[in-house]
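Following: one structure in structure tokens, then a few remarks.
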Amino acid sequence: MGIQMLYGVGIREAIASNDLEKMKAVAAQAEVTLKAQGDIGAAYVELRDAIQALESK
């Protein structure tokens, strides 16, 4: 399967494929990525808040 960028569409495509091996491979890659990236969603919210704070000065 190789390395692929993880994002919602790619994960959902793996689910839709109904291919157990592909789904397991994507899940394993997602676990590694999540451990390396941490909570990117929360970090993004913090970034947007910091931008808004600077823009309102």
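Atom CD1 of Ile11 sits about 12.0 Å away from atom CE of Met23, to the nearest 0.5 Å.
Taking each heavy atom of Ser56 and Ala53 in turn, the nearest pair found is OG-O, 3.0 Å. The minimum heavy-atom distance linking Ala14 with Lys22 is given by the pair CA-CE, 4.2 Å.
Annotation: Ile51, atom CD1; neighbour count of heavy atoms from other residues, nucleotides and ligands within 6.0 Å is above 12.
Between Glu13 and Val9, some side-chain heavy-atom pair lies under the 4.5 Å cut-off.
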